[in-house]
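Since the structure comes first, as structure tokens, the remarks are kept for the end.
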Amino acid sequence: MKTLKLCGGEVVNPDGEKKGRLDIFIEGDRIKSIGTDLGSADETIDVSGKTVFPGFIDIHCHLREPGQEYKEDIMSGTYAAAKGGFTAVCCMPNTVPAIDNASVCALVLSKAQNASAKVYPVGAATKELKGKELTEMGELAAMGCVAFSDDGRPIGSGAMMLAAMQYAQTYGSFIMAHEECLDLKGTGVMNEGLNSTILGLPGIPRAAEETMIARDLILAESYGLRVHIQHVSTRGGITLIRAAKQRGVSVTCESAPHYFSADDSWCSGYDARTKVNPPLRTPDDVAAVKEALLDGTIDAIATDHAPHHKDEKNIEYALAAFGISGFETAFSLAVTNLTQDNDKLAALFSVNPSRIIGKPGGVIKEGVPADLTIADMEAEYTLTEQSLVSKGKNSPFIGHALRGLVTHTIVDGRLVYSGGASCK
Ligand code: DOR
């Protein structure tokens, strides 16, 4: 079996015993030992001065395959994920066709076999994401779907959402809910407020998100069900979730880097790279998202990587597609705008995501799969479009100065990405 040794890195391991400046010896796809004087390996990588995290897990992304490979495909998307430090990703079911049956799920899994990151599909909660008829969740869960979602096409009916939550729970699974009331959203394209008025763009009220969060928290609480709230973006939504957690409701949630790194003033140039759903909110919401990530109310940072073709973005704001290409900037945005506390970063990118989806990860110890993310915490660079390997170049952070950079990503003992300098 091939052996690989990582030398001299600072091991960050909030849930593990071994931490600090240590070597890691990998044999095949597993971590064999952690310590010093571990002997020689077939290959050695000097990671001194760098920080070694348990592999990052992104519980919310869009890989676009099948059906929209002009935006992204599983190979390009997972390479972008690996460049961002993600060793595993959960891909949302709003593909074309949707991941709502065994054959589409099988296709995703087979394409993922040679990918640069592990791919855990999230199945559609309803057929064709239409919100009318439940999918065969048992079959999809048995194939490997880690959860079920209405992402991108919210379930409007409370009764259908309740049925989906109950049915998922029957199979030991749960719903990842996209919280958006389409009636309240109307034709909105950015956050409703002063900036939307100034720009003359139709607004998306915070109530569109918060009413649906309230509905699903009440369903979870009333019926003893588990729910995961996706891409939380408002202070009001966070307040609801925090209170529900205090009451013991079985709820977890995530937010995306753009919700703690940018606000709706960024839309002022009509740059459609800022168009995302939920929309960029106000500075007060940004502050609330940061507080909630740091106090544990928000469990995980998930990218909601939503790549689009330039022809869908370099157009009039009102007509452009919603979404931000997020894999390659998530970690740097967290280091730059949220925290430089390594344990906190490990919790938000690895420990908690692994717990939410019930997959291995979040800890560096003997015997576990060798999924590791190595970063240079001091690196500073300006993001360029050319550096992005995702097909989706739709990032509002291009041209911005960032700090903290992933330099190596290891999946099952395989070095799937090494670099970093090219971005500087
Ligand atoms: O901005 C978004 N883009 N939000 C979503 O919920 C879906 C996503 C997409 O699929 O492009």
Side-chain angles (χ1 to χ4, degrees), residues 58-74 76-77 80-81 89-100 108 121-126 128-129 131 147-156 175-182 184-185 187-191 201 204 208-209 212-213 216 228-234 237 253-259 261-262 264 266-267 271-281 302-313 315 317-327 329-330 390-397:
D58 184 5
I59 58 173
H60 185 155
C61 75
H62 300 269
L63 295 178
R64 306 297 193 209
E65 187 171 359
Q68 294 180 312
E69 291 82 352
Y70 69 96
K71 293 178 195 258
E72 191 79 287
D73 58 57
I74 290 171
S76 66
V89 300
C90 297
C91 59
M92 290 299 135
N94 64 337
T95 47
V96 186
I99 308 176
D100 67 354
V108 170
V122 171
T126 63
E128 297 177 56
L129 291 162
F148 295 89
S149 184
D150 59 347
D151 192 50
R153 303 260 318 256
I155 295 176
I175 298 292
M176 293 180 156
H178 172 114
E179 306 295 18
E180 181 185 29
C181 170
L182 293 179
L184 286 168
K185 179 189 179 191
T187 57
V189 295
M190 67 172 285
N191 182 53
L201 291 171
I204 304 174
E209 182 173 343
M212 297 296 262
I213 292 178
D216 293 342
H228 175 83
I229 311 286
Q230 296 184 301
H231 42 49
V232 181
S233 74
T234 72
C253 68
E254 65 185 46
S255 191
H258 36 272
Y259 300 118
S261 301
D264 63 354
W266 285 46
C267 308
D271 176 355
R273 291 176 304 183
T274 63
K275 186 174 174 184
V276 63
N277 197 9
L280 301 179
R281 303 286 188 182
T303 66
D304 196 3
H305 176 74
H308 290 292
H309 192 270
K310 62 178 173 15
D311 293 349
E312 299 165 314
K313 277 298 204 180
I315 54 175
Y317 202 94
L319 302 178
F322 287 96
I324 289 175
S325 184
F327 280 146
T329 49
S390 166
K391 289 187 194 176
K393 313 294 178 194
N394 46 308
S395 170
F397 303 105

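Whatever order the structure lists them in is the order used to number ligands and atoms, beginning at 1.
Screening His178, His258, Gln230, His62 for a side chain to side chain donor-acceptor pair (under 3.5 Å) with Asp304, the sole residue that qualifies is His62. Of the candidates Val189, Asp264, Thr187, Val189 is the only one forming a side chain to side chain contact (heavy atoms under 4.5 Å, CB included) with Leu201.
Rounding to the nearest 0.5 Å gives a distance of 12.0 Å between OG of Ser325 and NZ of Lys71. To the nearest 0.5 Å, atom CD of residue Glu179 and atom CG of residue Asp151 are 10.5 Å apart. One distance of note links CG of Asp150 with CE of Met92; it measures 10.0 Å at 0.5 Å rounding.
Residues lining ligand 1 at a heavy-atom distance below 4.0 Å are given as His62, Arg64, Asn94, Asp151, Gly152, His178, His231, Val276, Asn277, Asp304, Ala306, His308, Phe322, Gly323, ordered by chain and residue number.
Annotation: side-chain hydrogen bond (donor to acceptor under 3.5 Å, both in side chains) contacts of Asp73 (sequence neighbours excluded): Ser76, Lys391.
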